Amino acid sequence: MSGAIKSQIRELLKKQNAVLLAHNYMRDDVQEIADITGDSLALSIEAAKTDADIIVFCGVHFMAESAAILSPAKRVLLPRADAGCPMADMVTVEELEVLKRQYPGVPVVTYVNSSAEVKAHSDICCTSANALKVVRSLAENELIFVPDRNLGRWIAKFVPEKKFIFWEGFCPTHERMTVSAVLQKKVEHPDALFICHPESAPEVSALADHVCSTTGMYDYCRTSKATKFIIGTEAGILYKLRLENPSKEFILASPALFCPNMKLTSLEDVFISLQTMTPIVTVPEDIRIKAKGALDRMLAVPRD
Ligand code: 13P
Ligand code: SF4
């Protein structure tokens with residue numbers, strides 16, 4: 001059954017001149033048939049580069065929006081319209097504008113896990129991979145960091161000269177990873193390194209041998225001499241980690257590391273989406289232009 005649906009999806013993709021993108025947290029079988037897997041921003045950048053007419057984005061709503069912002073001429077499909085991100089929903093434009101009025105002239109740095117509208121009201125975006133470089137690129141010594149309090153506090157430690165005004169948003173999936181769960185895995189696997197995502201709670205990040213983005217985790221585990229890793233991020237990342245490192249062992253830090261939204265999209269959903277050409281994700285042009293400004297400013301920050 002699964003083999004048949006996979007080949008039907010591949011046929012439809014070809015017929016529609018569509019590209020299938022899957023975030024690193026997607027179900028294994030969805031990652032397996034994707035043209036490109038990666039983190040949220042890398043996927044949108046790749047999508048903009050392809051000559052496909054249609055982008056099928058297996059991820060959550062804000063990611064499909066980013067693809068629509070960067071690729072206005074392409075049709076962007078999100079197979080599950082109900083796949084959202086609770087962290088992105090923790091800040092609205094109205095709330096952000098209240099804070100901006102309290103701190104006039106202070107730049108707003110917004111994590112890509114946010115709505116297009118919030119991006120449009122921000123000065124610059126960042127990802128977990130480039131947040132530190134983005135903050136360092138600012139001339140100002142004060143900034144508003146939206147919406148992830150954990151990513152914000154993690155990078156603030158490396159720039160003591162900058163004053164951060166934090167938004168108290170968070171990723172419920174990463175915050176479900178407790179200190180006691182991690183300590184238990186460390187006791188069970190004393191020879192393993194613990195690696196976690198900066199969306200984790202500060203007391204969990206404090207236990208880590210390395211804190212990095214999902215893309216950073218692939219690089220770190222591939223190049224590290226260590227052979228055993230306790231992984232502190234959403235379980236979907238294990239698929240490619242194990243595929244790329246067959247001789248290494250990967251242990252999920254907590255059984256709670258499943259994002260219900262990231263697990264919604266099935267092969268059947270992808271198939272139906274390609275057949276019906278729905279649900280389409282669009283961003284109103286005035287918002288798209290402003291949001292693109294914040295994304296473009298981030299993309300202009302040198303990576304090294
Ligand atoms: P990245 O791979 O973009 O860092 O994703 C983290 C995340 O939580 C996406 O929802
Ligand atoms: Fe949002 Fe966290 Fe799920 Fe990512 S893992 S989509 S940040 S809730």
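In what follows, residues are counted from 1 in the order of the sequence shown. Side chains are part of it too, since the values below use all heavy atoms of this structure and drop only hydrogens, waters and symmetry mates. Since this is a predicted model, take the numbers as computed values, not measurements.
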When the side chains of residues 274-281 are checked against the rest of the protein, which donor-acceptor pairs come out under 3.5 Å, sequence neighbours left out?
{"from": "Thr276", "atom 1": "OG1", "to": "Ile272", "atom 2": "O", "distance (Å)": "2.8"}
{"from": "Thr276", "atom 1": "OG1", "to": "Thr278", "atom 2": "N", "distance (Å)": "3.4"}
{"from": "Thr276", "atom 1": "OG1", "to": "Thr278", "atom 2": "OG1", "distance (Å)": "2.8"}

Check: Are more than 12 heavy atoms from other residues, nucleotides or ligands located less than 6.0 Å from atom CG of Asn141?
Finding: yes
Next item on the list: Using the ring-ring contact (aromatic ring centres under 6.0 Å, His included) rule, take Phe250 and Phe229 through it: C-alpha gap first, then chi angles, then the decisive distance, then the call.
Entry: CA-CA 5 Å; Phe250 300 96; Phe229 304 87; 5.4 Å; yes
Notebook entry, point to check: Hydrophobic cluster mates of Val187, side-chain heavy atoms under 4.5 angstrom, ILVMFWY only, any path?
Noted result: none
Next item on the list: Output all residues satisfying salt bridge (Lys or Arg N to Asp or Glu O under 4.0 Å) with Asp89, sequence neighbours left out; order by chain, then residue number.
Entry: none
Next item on the list: Name all residues meeting the salt bridge (Lys or Arg N to Asp or Glu O under 4.0 Å) criterion together with Glu94; count only those two or more places apart in sequence or in a different chain, and write none if there are none.
Entry: none
Notebook entry, point to check: Hey, does Phe164 have a side-chain heavy atom less than 4.5 Å from the side chain of Val135?
Noted result: yes
Notebook entry, point to check: With clusters built from Ile, Leu, Val, Met, Phe, Trp and Tyr whose side-chain heavy atoms come within less than 4.5 Å, directly or transitively, what are the remaining members of the cluster of Val93, listed by chain and number?
Noted result: Val91, Leu96, Leu99, Tyr103, Val106, Val108, Val118, Ile144, Val146, Ile165, Trp167
Notebook entry, point to check: Can you name the side-chain hydrogen bond (donor to acceptor under 3.5 Å, both in side chains) partners of Arg242, sequence neighbours left out?
Noted result: none
Margin query: I'd like to check the salt bridge (Lys or Arg N to Asp or Glu O under 4.0 Å) partners of Arg153; sequence neighbours left out, ordered by chain and number.
Written below: Glu168
Donor-acceptor pairs under 3.5 angstrom involving side-chain atoms of residues 53-69: please list them, not counting sequence neighbours.
{"from": "Asp53", "atom 1": "OD2", "to": "Asn17", "atom 2": "ND2", "distance (Å)": "3.1"}
{"from": "Glu65", "atom 1": "OE1", "to": "Ala116", "atom 2": "N", "distance (Å)": "2.7"}
{"from": "Ser66", "atom 1": "OG", "to": "Phe62", "atom 2": "O", "distance (Å)": "3.2"}

Checklist line | Partners passing side-chain hydrogen bond (donor to acceptor under 3.5 Å, both in side chains) against Asp219 (at least two apart in sequence or in another chain) | finding: Arg222
Margin query: Tell me every residue that passes ring-ring contact (aromatic ring centres under 6.0 Å, His included) with His189, counting only those two or more places apart in sequence or in another chain.
Written below: none
Check: Sequence neighbours excluded, which residues qualify as side-chain hydrogen bond (donor to acceptor under 3.5 Å, both in side chains) partners of Glu140?
Finding: none
Item checked: Hydrophobic cluster of Met90, others only, ordered by chain and residue number, side-chain cut-off 4.5 Å -> Phe170
